[in-house]
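Have a look at the structure below, then the notes.
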There are 4 protein chains.
Amino acid sequence: MSDMMDTLRNEENMTPKQIEILKSAIELISEKGYYNTSTSEIAKRAGVAEGTIFRHYSTKKDLLVAIVTPVITNISAPLFATKFVDQVFHEDYNSFADLLHAFINNRFEFAQANVPLIKILLQELAFHPEIQMAYKRVFTEKVYPAFNQALDFYKQKGDLQNLPNDTIIRIVVPTILGFMMTRFILQPDKEWDDEAEIRQMIGVIMGGIGAGS
Amino acid sequence: MSDMMDTLRNEENMTPKQIEILKSAIELISEKGYYNTSTSEIAKRAGVAEGTIFRHYSTKKDLLVAIVTPVITNISAPLFATKFVDQVFHEDYNSFADLLHAFINNRFEFAQANVPLIKILLQELAFHPEIQMAYKRVFTEKVYPAFNQALDFYKQKGDLQNLPNDTIIRIVVPTILGFMMTRFILQPDKEWDDEAEIRQMIGVIMGGIGAGS
Amino acid sequence: MSDMMDTLRNEENMTPKQIEILKSAIELISEKGYYNTSTSEIAKRAGVAEGTIFRHYSTKKDLLVAIVTPVITNISAPLFATKFVDQVFHEDYNSFADLLHAFINNRFEFAQANVPLIKILLQELAFHPEIQMAYKRVFTEKVYPAFNQALDFYKQKGDLQNLPNDTIIRIVVPTILGFMMTRFILQPDKEWDDEAEIRQMIGVIMGGIGAGS
Amino acid sequence: MSDMMDTLRNEENMTPKQIEILKSAIELISEKGYYNTSTSEIAKRAGVAEGTIFRHYSTKKDLLVAIVTPVITNISAPLFATKFVDQVFHEDYNSFADLLHAFINNRFEFAQANVPLIKILLQELAFHPEIQMAYKRVFTEKVYPAFNQALDFYKQKGDLQNLPNDTIIRIVVPTILGFMMTRFILQPDKEWDDEAEIRQMIGVIMGGIGAGS
DNA sequence: TATGAATGAGCTTTCATTCAT
DNA sequence: GATGAATGAAAGCTCATTCAT
């Protein structure tokens with residue numbers, strides 16, 4: 001749980017009660033959904049009075065946004081972290097496959113540490129325009145450009161077929177997402193050989209978009 | 001809309017009011033979600049008294065299930081229709097790529113005609129165990145076996161690499177789903193060259209899993 | 001059941017549907033009470049459309065009154081039947097104890113044949129002014145005078161102590177009612193030696209109010 | 001009313017609103033019955049929002065049970081209070097008639113102070129299994145054994161005829177109940193000479209079951 | 001800052017009653 | 001007469017939010 005709280009915690013300090021509220025809200029909402037979770041339930045599990053929730057989050061939806069927004073930011077963080085971009089362009093990765101491997105491993109660990117948060121994000125994205133906004137902004141301003149840059153770079157390098165970037169993205173992203181959803185949400189209890197799965201997936205992806213094919 | 005009602009209508013007749021109720025429920029729920037749509041709203045839009053809804057669907061959730069269950073069945077219908085299986089095994093399709101093409105085209109048209117229904121299915125799947133049950137049953141009993149059969153067949157024929165079926169499915173299905181979601185839900189207003197998109201997608205998929213690579 | 005319908009049937013003929021409605025209403029209301037029984041349930045059990053009930057009884061309460069009013073009349077019928085009064089005054093019964101015995105036996109059989117109807121009467125008496133009216137009228141106009149007449153007669157004859165009639169009634173009536181309620185409603189399944197019970201009860205009553213004591 | 005609230009109040013404190021709710025519920029339900037009294041009416045009379053009722057009693061039926069259960073307990077309280085039993089066996093009462101007199105006086109006062117509560121109990125007993133349960137438990141575990149003990153004691157002492165206890169109880173209890181119902185519910189407005197009535201009633205009862213007869 | 005009783009609008013659901021067929 | 005779809009008022013209940021303490 002501490003990892004997950006790292007994802008959420010901003011620079012300012014939170015009171016212990018506020019942390020309890022967030023934890024409880026995350027547990028309950030990820031289990032039962034936003035509309036099936038009442039503030040009184042959250043308060044009870046957090047060991048806090050119902051009014052206390054509204055001292056910290058003036059609205060139930062505010063509480064949801066406070067949970068979900070940092071996830072959106074963090075999910076895509078490495079993609080636009082200066083460090084990452086630098087690594088790519090300073091050829092820390094010899095090939096697109098290497099980059100993909102590093103990227104997937106990194107995001108895999110993040111997902112593993114934040115399953116409940118990601119569940120909430122996926123489930124509620126459809127219903128809350130506020131969240132959709134945040135998501136779209138991050139995607140178009142950060143993720144998409146970073147992706148494009150990287151793809152252009154490795155195309156130039158001869159690692160990739162000359163497909164439109166959009167097409168490549170539409171292959172790569174759902175494949176990764178699909179794997180993660182299956183891995184963590186649909187069949188979390190299956191025995192997975194994660195490393196093998198990832199290698200295989202990359203093999204197939206590169207078979208589809210790599211230059212050699 | 002008439003197409004969509006075909007997806008829902010059973011053999012027996014519905015009263016005009018019942019059809020109106022279904023239509024209104026579909027519109028509203030697909031726009032705003034199940035929990036943000038009240039039965040009084042549905043009644044108002046359907047031009048019907050609120051009690052009339054409960055004469056036909058004894059529960060609000062019953063109404064949802066009546067909307068969503070036929071979609072689950074129809075989404076996967078061609079996969080387990082005798083006709084389809086026959087076609088596959090009587091070599092109506094010379095290659096897995098051909099099969100894929102026919103399949104995607106067919107499902108693309110279905111999706112196009114049923115966007116609101118599919119939106120509802122995707123959005124509510126997470127929260128209603130009844131729906132999850134129906135989905136799981138159809139998937140494990142129908143879709144998955146049909147897929148396996150087809151994959152085995154074309155593997156034997158030498159069309160496909162010798163990857164585990166599960167891995168192939170985990171590549172192919174999310175890729176197709178991802179495309180459709182982008183096409184019909186995330187960016188429905190973008191100008192799409194559907195035929196080209198599909199061809200490209202198949203190219204990449206076959207690059208990843210086809211025998212030639 | 002045929003006996004019970006005798007209690008209800010007036011001179012005019014009823015259609016078979018109407019009889020079915022009455023039967024079903026009696027069963028359901030005596031089991032679950034008036035407010036827990038819906039007209040649609042009654043219709044279903046009667047094998048009749050809901051509207052048909054309202055063709056015969058313009059109101060749900062009308063139906064109840066149609067069930068309960070004849071019971072009130074019949075419960076007390078023997079008390080004011082000319083025949084009964086005649087018997088009393090022509091000394092068909094040698095003693096008040098004899099009269100009591102005949103009376104209790106008679107009412108016992110009536111109760112036995114009409115348990116559901118009596119249950120309904122007892123349960124709903126409290127809530128429906130219409131029923132209370134009917135009950136009060138019958139009691140003050142018929143039962144009470146007949147009782148007084150008989151008591152005066154047997155007092156004069158020296159069978160009874162010189163207690164106020166009201167006091168005697170307040171001993172006799174609740175004792176009989178209490179026995180019947182215990183016998184038919186509270187503990188209907190206990191094995192009863194009815195004849196012995198009745199004899200004992202009369203013994204005690206006469207011990208309390210009879211002249212010998 | 002304060003007396004009545006004593007019957008209901010548990011050791012813990014109630015908020016003033018909760019007291020108002022109870023009072024209003026008792027008034028309305030005893031006048032019109034449970035099913036004819038809506039929670040909104042209760043709220044209005046109590047000067048409280050409807051939601052407030054459900055904060056204190058999670059169900060309308062819970063409210064009813066909260067009203068009725070303490071009555072059941074208190075109605076029979078003296079019968080199984082150690083003090084009462086002691087009194088009986090330490091011959092505080094010289095005869096069964098004395099005991100009866102003390103007992104009736106005591107219960108008469110209780111009834112007088114709790115008419116609405118008792119009305120509710122009598123009226124709703126028929127329809128609510130929860131209440132029936134509570135009633136049966138108290139009767140078989142407390143009232144019945146205490147009665148038996150007392151009857152055996154005074155039989156041995158030669159005060160009572162050798163009738164079966166059950167028969168005695170079936171005479172005594174309905175007679176007392178019948179008197180109280182007539183006195184407080186059926187004809188509360190008649191001018192009563194209570195002391196005389198009670199004396200007379202005891203006379204008759206003892207005439208019926210006493211040893212001298 | 002924290003509490004939790006109180007609020008009241010809004011929800012789903014029930015059901016006696018009506019009426020066109 | 002009989003039907004049963006339709007009605008709509010009213011019910012019990014939920015819950016995010018407020019506010020005096």
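Residue numbers start from 1 in every chain, and the chains themselves are labelled A, B, ... in the order their sequence lines are given, proteins ahead of strands. Hydrogens, waters and symmetry mates are skipped; everything else that's a heavy atom, side chains included, is used.
For the pair A:Lys60 and A:Phe54, the cation-pi criterion (under 6.0 Å, within 45° of the ring axis) is not fulfilled.
For the pair B:Glu31 and B:Lys119, the salt-bridge criterion is not met [side-chain N within less than 4.0 Å of a carboxylate O]. Between A:Glu41 and A:Lys32 a salt bridge is recorded (basic side-chain N to carboxylate O distance below 4.0 Å).
Residues B:Leu117 and B:Val68 are not in side-chain contact: their nearest non-hydrogen atoms beyond the backbone lie 4.5 Å or more apart.
Put simply, C:Ser40 has no side-chain N or O that comes within less than 4.0 Å of OP1 or OP2 on E:dC15. Between E:dT7 and D:Lys17, a contact under 4.0 Å exists linking OP1 or OP2 to a side-chain N or O.
When the P atom of E:dT1 is taken as reference, atom CZ of A:Arg55 falls 6 Å away, rounded to whole Å. Here the P atom of nucleotide E:dA16 and the NZ atom of C:Lys44 are 13 Å apart, to the nearest Å. In this entry the distance linking NZ of B:Lys32 with C1' of E:dG10 reads 13 Å, nearest Å. Spacing between atom NZ of B:Lys61 and atom C1' of E:dC11 amounts to 15 Å, rounded to whole angstrom units. The OH-C1' distance, from A:Tyr57 to E:dA2, rounds to 15 Å in whole Å. Straight-line distance from the CG atom of B:Asn36 to the C1' atom of E:dG10: 13 Å, rounded to whole Å. When rounded to the nearest whole Å, the span between OH of B:Tyr35 and C1' of E:dT12 equals 13 Å. Note: CD1 (B:Ile42) to P (E:dT13) measures 11 Å, nearest angstrom.
For the pair A:Leu22 and A:Ile67, the tightest heavy-atom approach, listed with the atom from each and the gap, is CD2-CG1, 3.6 Å.
The residue among B:Gly51 and D:Lys60 whose nearest nucleotide of DNA chain F lies closer to the 5′ end is B:Gly51. Nucleotides of DNA chain E nearest to B:Thr37 and C:Thr37 differ in position, and the one nearer the 5' end is that of B:Thr37. If D:Thr52 and B:Gly47 are placed on DNA chain F by their nearest nucleotide, the residue sitting closer to the 5' end is B:Gly47. Residues A:His56 and C:Ser38 each lie close to DNA chain E; by heavy-atom proximity, the contact nearer the 5' end of the strand is made by A:His56.
Nearest to the side-chain atoms of C:Glu50 among the listed nucleotides E:dT13, E:dG8, E:dA16 stands E:dA16.
Where DNA chain F meets chain A (any atom under 4.0 Å from a heavy atom), the bounding nucleotides read 5' to 3' are F:dA16 to F:dT18.
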Check against side-chain contact (heavy atoms from CB on, under 4.5 Å), B:Thr69 and B:Tyr135: CA-CA 8 Å; B:Thr69 313; B:Tyr135 169 78; over 6 Å; no
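When only modelled atom types and interatomic distance are considered, B:Glu50 and B:Thr39 share a side-chain donor-acceptor pair under 3.5 Å.
Using the Watson-Crick or G-U wobble rule with both distances under 3.5 Å, F:dT17 pairs with E:dA6.
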